[in-house]
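The sequence lines fix the lettering, A, B, ..., with proteins before strands; numbering per chain opens at 1.
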There are 2 protein chains.
Amino acid sequence: MARPRKPLLSRDRIVTAALALVDAEGLAAVSTRRLAAELGVSGPSLYNHFRTKDEILDAVADTVVGQVDLSMFATADGDRPDWPEALLAWGRSYRAALTAHPNIVPFLAQGPGRRPAGLRQADAVFGGMVEAGWPPAHATRIGAMMRYFVAGSALGSFARGFVGDPGVYDPADYPHLGQAHLLPEHQRRVDEGAFEAGLRALVDGLALQYQRLRDGEPVT
Amino acid sequence: MARPRKPLLSRDRIVTAALALVDAEGLAAVSTRRLAAELGVSGPSLYNHFRTKDEILDAVADTVVGQVDLSMFATADGDRPDWPEALLAWGRSYRAALTAHPNIVPFLAQGPGRRPAGLRQADAVFGGMVEAGWPPAHATRIGAMMRYFVAGSALGSFARGFVGDPGVYDPADYPHLGQAHLLPEHQRRVDEGAFEAGLRALVDGLALQYQRLRDGEPVT
DNA sequence: ACCTGAACACCGTTCAAGT
DNA sequence: ACCTGAACACCGTTCAAGT
């Protein structure tokens, strides 16, 4: 075939196919040869559009993070934004974007923040918190801790870890896990409940800290 | 050589060598051939002791999680344990265990909770929280949310993501990231500060919830 | 039981060759 | 510029063969 007059591939087509493959069959299913086959080309063709496989996955990760809603940090001028509400809304949107594509999360979570969508997100959160009255050092920390929590919650399902077999949980070994084998069926409920409760606890705790800051008390 | 009179390998030796290799050269450096070479045997030998490579990494992950201190949940009978202090101490020990071996964290964080050390940990936390007066459903959630936060914090360094090159952060794109290129040098400080602040916020928020529970107020 | 080399079906990536 | 097949140096895993 050699070079066609109209390119068969584009970065966009590759990223779309890669995301579909990750979603359908997992991160391990994405090999350059397999992905190329999915696109009807041969393996090395991809290297005309991306320098490495990791660069492809970076682009996939970026489109996923790009789905996160950041509008809650863009407030009308002069308004003090309601930062606790903004954090809650952002946290939920962030988690929703990741859990929509759970198989890419392990790659996404370790990867560098160099990806544009991640930077835009860090920028928006930082700006929103500073505008709300948080000192810059605190604003940085808030962005980081939220990322920790959301990424951790999307990464390893807590409940998914427990298998359905009661025999695994010998009460002699694990005195409190007697009902643990029931967890898989409640999996999503447990994970979502834990996320929601943790998100609220985090924001409530930050509100306490904010209050102490306002009152001029020393804060660590 | 064939079979030696004294086995050359053992599960322990393999796990120790694998952890050393992961620490020294990263997760990607661990191939069965490379690991076997490190142990002075040929690749397939490992399959006499583990069924798959993932099983080896599971064992590595388990020894890392096994380093977490859980003693704060074992209280003298009759005592109501100081659960906020216990969560703080556990969270710090948990994070310390993971950050001591950062390269295994991506594997560890996604993997199943089937690993014994992870189960022991879930059991201890659940037991400790229930003993402190938390309803079982809440105790489960607390274990999960703490895991989210700690795993997330050990997994992707927030600060590490920012590269040292100021040119990357065009103020037109990221109006608030002007100083972001300074972050790498403060990397550990930022990550540890965010972890510590987040941990306190989380526990503070839980204390509020606990108070509401005691007062008989409805809690989501 | 526990090690070996050979073999199978894969990888990511490079490169010269084609248009 | 953009695709191809061939090639390189790898993978994880299976298996028959050795003691």
Side-chain angles (χ1 to χ4, degrees), chain A residues 1-22 24-62 103-104 106-108 110-112 114, chain B residues 1-22 24-62 103-104 106-108 110-112 114:
Chain A
M1 183 177 298
R3 171 161 122 91
R5 41 185 54 203
K6 201 163 188 276
L8 297 174
L9 295 177
S10 68
R11 289 176 65 97
D12 246 25
R13 279 201 66 215
I14 294 170
V15 169
T16 303
L19 180 54
L21 188 54
V22 167
E25 306 190 30
L27 200 54
V30 183
S31 73
T32 55
R33 284 170 168 88
R34 174 70 198 280
L35 176 56
E38 216 76 36
L39 287 159
V41 299
S42 86
S45 304
L46 302 175
Y47 289 85
N48 286 297
H49 303 268
F50 289 95
R51 269 196 318 236
T52 63
K53 177 187 165 179
D54 264 26
E55 225 176 58
I56 299 176
L57 291 177
D58 267 328
V60 170
D62 205 54
N103 296 333
I104 193 69
F107 178 87
L108 180 153
Q110 41 177 319
R114 260 157 270 192
Chain B
M1 183 179 296
R3 172 161 121 91
R5 42 185 52 203
K6 202 163 186 276
L8 296 174
L9 294 178
S10 68
R11 289 176 65 97
D12 247 25
R13 279 202 65 217
I14 294 171
V15 169
T16 303
L19 180 54
L21 189 53
V22 167
E25 305 190 29
L27 200 54
V30 183
S31 74
T32 55
R33 284 171 168 88
R34 173 70 197 281
L35 176 56
E38 216 77 35
L39 287 158
V41 299
S42 86
S45 304
L46 301 174
Y47 290 85
N48 286 299
H49 302 270
F50 289 94
R51 269 197 318 236
T52 63
K53 177 187 165 180
D54 264 24
E55 225 176 58
I56 299 177
L57 291 177
D58 267 328
V60 170
D62 205 53
N103 296 333
I104 193 69
F107 179 87
L108 180 153
Q110 41 177 320
R114 260 157 267 193

Between [N] atom [atom2] and [X] atom [atom1], what is the distance in whole Å?
X	N	atom1	atom2	value
A:N48	D:dT4	CG	P	9 Å
B:R11	C:dC3	CZ	C1'	18 Å
A:I14	C:dG12	CD1	P	14 Å
B:L35	D:dC10	CG	C1'	16 Å
A:F50	D:dC2	CZ	P	13 Å
A:R5	D:dC3	CZ	P	15 Å
A:L39	D:dC3	CG	C1'	13 Å

Cut-off 3.5 Å, no hydrogens considered: what does the side-chain donor-acceptor table look like for residues 31-41 of chain B, sequence neighbours left out?
unit_1 : atom_1 : unit_2 : atom_2 : d
B:S31  : OG     : B:R34  : N      : 3.0
B:R34  : NE     : B:E38  : OE1    : 3.1
B:R34  : NH1    : B:E25  : OE1    : 3.1
B:R34  : NH2    : B:E25  : OE2    : 2.7
B:R34  : NH2    : B:E38  : OE1    : 3.4

Requested in this report: Please tell me if the side chains of B:T52 and B:E55 come closer than 4.5 Å, counting only heavy atoms from C-beta onward.
Outcome: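 Heavy-atom side-chain distance check passes, below 4.5 Å.
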
**Prompt:** Would you say the side chain of A:S45 lies within less than 4.5 Å of the side chain of A:L9, judging by non-hydrogen atoms?
**Reply:**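 Side-chain contact under 4.5 Å: yes.
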
For [X] versus [Y], what's the shortest heavy-atom pair and its separation?
X	Y	result
B:A18	B:V30	O-CG2, 4.4 Å
B:L8	B:P4	CG-CG, 3.7 Å
B:V22	B:I104	CG1-N, 3.8 Å
A:V15	A:A59	CG2-CB, 3.6 Å

Check: Under the 3.5 angstrom rule, does the side chain of B:R11 hit a backbone N or O of B:F50 as a donor-acceptor pair?
Finding: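 Judged by distance alone, no pair lies under 3.5 Å.
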
inquiry  = If the cut-off is 4.0 Å, is B:H49 near the phosphate of C:dC3, judged by side-chain N/O to OP1 or OP2?
reply    =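 For C:dC3, OP1/OP2 do have a side-chain N/O of B:H49 under 4.0 Å.
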
* To do: Tell me, with the steps shown, if B:L27 and B:L57 meet side-chain contact (heavy atoms from CB on, under 4.5 Å).
  => CA-CA 9 Å; B:L27 200 54; B:L57 291 177; 4.2 Å; yes

Per-residue pairing states of DNA chain C in dot-bracket (Watson-Crick or G-U under 3.5 Å; . unpaired, | other strand) read ||.|||||...|||||.||

* To do: Could you tell me whether A:S31 contacts a base, only the sugar-phosphate backbone, or nothing, with contacts defined as non-hydrogen atoms closer than 4.0 Å?
  =>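 Counting heavy atoms under 4.0 Å across all strands, the contact made by A:S31 is with sugar-phosphate only.
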
### Message
Measuring from the side chain of B:P4 (C-beta onward, heavy atoms only), which nucleotide among D:dG5, D:dG12, C:dC2 has the closest atom?
### Response
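Closest nucleotide among those given: C:dC2.
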
Give me the distances for all protein-to-nucleotides 13-15 of chain D N/O pairs that come in under 3.5 Å?
unit_1 : atom_1 : unit_2 : atom_2 : d
D:dT13 : OP2    : B:Y47  : OH     : 2.5
D:dT13 : OP2    : B:K53  : N      : 2.9
D:dT13 : O5'    : B:Y47  : OH     : 3.2

